[in-house]
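Data block below; observations after.
This one's a predicted model, so the numbers in the text were calculated from it and none came from an experiment.
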Amino acid sequence: QVELVESGGGLVQPGGSLRLSCAASGPIYRVNSMAWYRQAPRKERELVATINSDFNKMYADSVKGRFTISRDNANKTVYLQMNSLKPEDTAVYYCNVKTYYITRNEYWGQGTQVTVST
């Protein structure tokens with residue numbers, strides 16, 4: 001059974017930092033990409049950052065220069081370092097993993113809440 005578990009969310013003041021982690025378990029093979037999405041209340045889920053098997057990274061314009069995505073060598077854990085946080089970063093953050101082993105597969109974590117407020 002494949003499972004992705006996010007952690008590291010919480011309440012932080014504007015300008016502060018958090019590091020999110022997503023740990024994968026179960027039969028996950030041939031990872032093509034790992035990514036972070038977020039969804040604010042009453043808004044559509046949006047892509048925040050991705051990292052592929054060649055360690056190439058992509059960021060949404062709204063987080064460039066502030067967030068950094070990374071992963072371990074085994075593609076078992078993906079991280080999101082979040083600096084200079086703003087109130088508009090408040091959302092539930094979701095981990096996403098895309099694989100190809102026999103067939104294409106996509107997996108989602110349960111989400112972790114990030115709240116940026118004074």
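Between Leu80 and Leu18 the shortest side-chain heavy-atom distance does not fall below 4.5 Å. Side-chain contact between Lys86 and Arg66 is present, with at least one heavy-atom pair separated by less than 4.5 Å. Under the 4.5 Å side-chain criterion, counting only non-hydrogen atoms from C-beta, Gln39 is not in contact with Tyr93. Side-chain contact check for Ser33 versus Ser53: every heavy-atom pair is 4.5 Å or farther apart. Within the 4.5 Å cutoff, no side-chain heavy atoms of Trp36 are placed close to those of Asn96. Proximity of Val2 to Pro27: side-chain heavy atoms (C-beta onward) are separated by under 4.5 Å at one or more points. Side-chain contact check for Leu85 versus Pro14: every heavy-atom pair is 4.5 Å or farther apart.
The shortest non-hydrogen separation linking Val5 to Gln110 is CA-OE1, 3.6 Å. A pairwise comparison of heavy atoms in Gly9 and Leu20 identifies N-CD2, 3.6 Å as the closest pair. Residues Val116 and Thr90 share a closest heavy-atom pair of N-OG1, 2.9 Å.
From Glu3, atom CD reaches atom OG of Ser25 across 4.5 Å, with rounding to the nearest 0.5 Å. Atoms CG and CD1, from Asn56 and Ile69 in turn, are 12.0 Å apart once rounded to the nearest 0.5 Å. The OG1 atom of Thr115 sits 6.0 Å away from atom CG of Leu11, with the distance rounded to the nearest 0.5 Å.
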| task | Just do the side-chain contact (heavy atoms from CB on, under 4.5 Å) check on Lys57 and Thr50 with the steps written out, would you? | result | CA-CA 6 Å; Lys57 303 174 182 180; Thr50 62; over 6 Å; no

| said: Using side-chain contact (heavy atoms from CB on, under 4.5 Å), reason through Val48 and Tyr59 one step at a time and then give a plain yes or no. | reply: CA-CA 6 Å; Val48 176; Tyr59 299 95; 6.0 Å; no

| Step-by-step side-chain contact (heavy atoms from CB on, under 4.5 Å) determination, Asn32 to Asn52 | CA-CA 6 Å; Asn32 291 329; Asn52 67 16; over 6 Å; no

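Hydrophobic clustering (ILVMFWY, side-chain heavy atoms < 4.5 Å, transitive): Tyr100 and Ile102 are in distinct clusters. Ile51 and Tyr79 are assigned to two separate hydrophobic clusters, defined by single-linkage of ILVMFWY side chains at heavy-atom distances under 4.5 Å. Tyr94 and Val97 fall into different hydrophobic clusters, defined by Ile, Leu, Val, Met, Phe, Trp and Tyr side-chain heavy atoms under 4.5 Å apart, directly or through other members. At a threshold of 4.5 Å between side-chain heavy atoms, the hydrophobic network of Ile, Leu, Val, Met, Phe, Trp and Tyr places Val92 and Val78 in two separate groups.
Pairs passing the salt bridge (Lys or Arg N to Asp or Glu O under 4.0 Å) check and including a residue from residues 24-43, sequence neighbours excluded, read Arg38-Glu46, Arg38-Asp89. Within the structure, side chain to side chain donor-acceptor pair (under 3.5 Å) pairs that include any residue of residues 8-21 comprise Ser17-Asn83 (at least two apart or interchain).
Aromatic ring centroids of Tyr37 and Trp108 lie under 6.0 Å apart.
In this structure a side-chain-to-backbone donor-acceptor pair under 3.5 Å is missing from Lys98 to Met34. Formation of a donor-acceptor pair under 3.5 Å by the Gln81 side chain with backbone atoms of Thr68 is not found in this model.
A cation-pi contact links Arg71 to Phe55, judged by a cut-off of 6.0 Å to the six-membered ring centre and 45° from its axis.
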